[in-house]
Amino acid sequence: MQTAPLIDPFARPITYLRVSVTDRCDFRCTYCMAEHMQFLPKRDLLSLEELDRLCTAFIGLGVRKLRITGGEPLVRRDIMHFFRSISRHLGDGLDELTLTTNGSQLGRFAADLAAIGVRRVNVSLDTLDEAKFAEITRWGRLPQVMEGIAAAKAAGLRVKINAVALKGFNEDELFTLTDWCAAEGHDLTFIEVMPMGDIGGEDRLDQYWPLSDLRARLAERYTLIDLAERTGGPARYVRVAQSDQKIGFITPLTHNFCESCNRVRVTCTGELFMCLGQEDRADLRAPLRASPDDALLTDAIRAAIARKPKGHDFDYSRQSIAGQMTRHMSHTGG
Ligand code: SAM
Ligand code: SF4
């Protein structure tokens, strides 16, 4: 095992890895994908064994939290095999193993996930209205996701709902969503829509609902108490005095919290992105495949972390989109 932890040029320790295990998905959310997406050829994907080796190398370098994402991670074939295997690090280097999912497959997998030591899941849910859900996800069915969320809760998993704030779409559900989460005991985080990838015909600026406005509207009804809690990401949290529920705001656009960033991302083809909002990347698949020994791989990881940038350049000001990324969120993993 390596000893020196990963520290980037801005003295930020890298302790959190997000891994996209597939670019495929059973939904086509309008802000995330075009309806007819070109997916990667299967041979380009890292195998589950390669993903395991890669995650294990990062854990050896000091990563303590692992989030599995996608695309939809739970549609990758045999994904539970991967979860079971990587869970061996829990309590032995790894503090937390978790995932971000659209919830469609949680009915099948929630109990197994809980059994191997997953404690929390993030489920993306932008609306509680069946027709609107079908509209925004194109291919999704709300009842299936609600069953998945119920299965997660029944299995003892803590659920955090992630809702993308979409102007003219879920503005009218702000309180419905908030109150439902409070009643169910789920945490809730709102996310500003980010300029990631060509989504075919949709206009980002039309979708953008600044969380400063969303928060002000919440504050008209509830007393929001700022929490000091930080996770090293772009989220800030409040507690609602009336219900004691926790609400997060992920505001990459209206605020920039890159200074405390502790995370990097790996795509399903083994590209390491040091920042979600920058193009620079490092290929880890070649060193991974070049030798069964991890020396080349860890060298490549260290070299990449040494050029982690200070932050992203997303900006929607002046009615134009700056810092737009050509890749989709499903590629890097949200
Ligand atoms: N399929 C899983 C899901 O939906 O949770 C995991 C991958 S998805 C890319 C991860 C998160 O990214 C979701 O919460 C989704 O709402 C969010 N997302 C996708 N595209 C986005 C965008 N352009 N701006 C902001 N969030 C986005
Ligand atoms: Fe799929 Fe998640 Fe993207 Fe929706 S946000 S299309 S569920 S990857």
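What you are looking at is a predicted structure, and each value in this text was computed from that prediction instead of being measured. Just so you know, ligand 1 is whichever comes first in the structure, and atom 1 is the first atom listed for that ligand.
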Q: Which bit of V164 gets closer than 4.0 Å to ligand 1, counting heavy atoms only: side chain, backbone, both or neither?
A: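 The answer is the side chain of V164.
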Q: Go through ligand 1 atom by atom and flag the ones less than 4.0 Å from a non-hydrogen atom of V193.
A: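 In order of numbering, the contacting atoms are 24 (N), 25 (C).
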Q: Within 2.8 Å of atom 3 (Fe) of ligand 2, is there any N, O or S atom belonging to C25?
A: no
Q: Say you draw a straight line from CG of L97 to CG of L113; how long is it, rounded to the nearest 0.5 Å?
A: 8.0 Å
Q: Kindly identify the option in G103, G71, S124, A165 whose heavy atom sits closest to atom 6 (C) of ligand 1.
A: G71
Q: Which atoms of ligand 1 are found less than 4.0 Å from any heavy atom of C32?
A: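 Atoms satisfying the 4.0 Å criterion: 19 (C), 20 (N).
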Q: Any ion pair linking R64 and E96 (charged N to carboxylate O, less than 4.0 Å)?
A: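 Salt bridge absent between E96 and R64.
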Q: Just checking, is any N or O donor in the side chain of T251 or E192 under 3.5 Å from an acceptor N or O on the other one?
A: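 Their side chains do not contain a donor-acceptor pair, so the 3.5 Å distance test is not met.
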Q: Can you tell which part of T69 has a heavy atom less than 4.0 Å from ligand 1: side chain, backbone, both or neither?
A: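 The answer is the side chain of T69.
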Q: Within the 4.5 Å heavy-atom criterion, are F10 and K308 side-chain neighbours or not?
A: no
Q: Can you list the residues that meet the salt bridge (charged side-chain N to carboxylate O under 4.0 Å, His left out) rule with R221, with sequence neighbours excluded?
A: none
Q: Could you work out, for atom 8 (S) of ligand 1, the closest of G140, G70, A163 by heavy-atom distance?
A: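 Selected option, by shortest heavy-atom distance: G70.
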Q: Show me which atoms of ligand 1 lie under 4.0 Å from any heavy atom of T101.
A: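 Those qualifying, in numeric order: 2 (C), 3 (C), 5 (O).
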Q: Consider only side-chain N and O atoms of D179 and Y222, and report whether a donor and an acceptor are under 3.5 Å apart.
A: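 Yes, because at least one side-chain N or O of D179 sits under 3.5 Å from a partner of the opposite role on Y222.
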Q: Tell me the contacting part of V123 for ligand 1: side chain, backbone, both, or neither, using a 4.0 Å heavy-atom threshold, strictly below.
A: neither
Q: Cluster partners of Y237, using ILVMFWY side-chain heavy atoms under 4.5 angstrom, listed by chain and number?
A: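 For the cluster that includes Y237, the remaining residues are L227.
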Q: Side chain, backbone, both or neither: which applies to C29 and ligand 2 if a contact is any heavy-atom pair less than 4.0 Å apart?
A: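 Both backbone and side chain.
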Q: G71 heavy atoms, cut-off 4.0 Å: which ligand 2 atoms fall inside?
A: 8 (S)
Q: Given the ring of F169, does K132 sit roughly above its face, with NZ or CZ under 6.0 Å from the centre of the six-membered ring and within 45° of the axis?
A: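 Relative to the ring axis of F169, which defines the angle, K132 lies inside both limits.
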Q: May I ask you to check if ligand 1 and N122 share an N or O to N or O distance below 3.5 Å?
A: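 In this structure, N122 places no N or O atom under 3.5 Å from an N or O of ligand 1.
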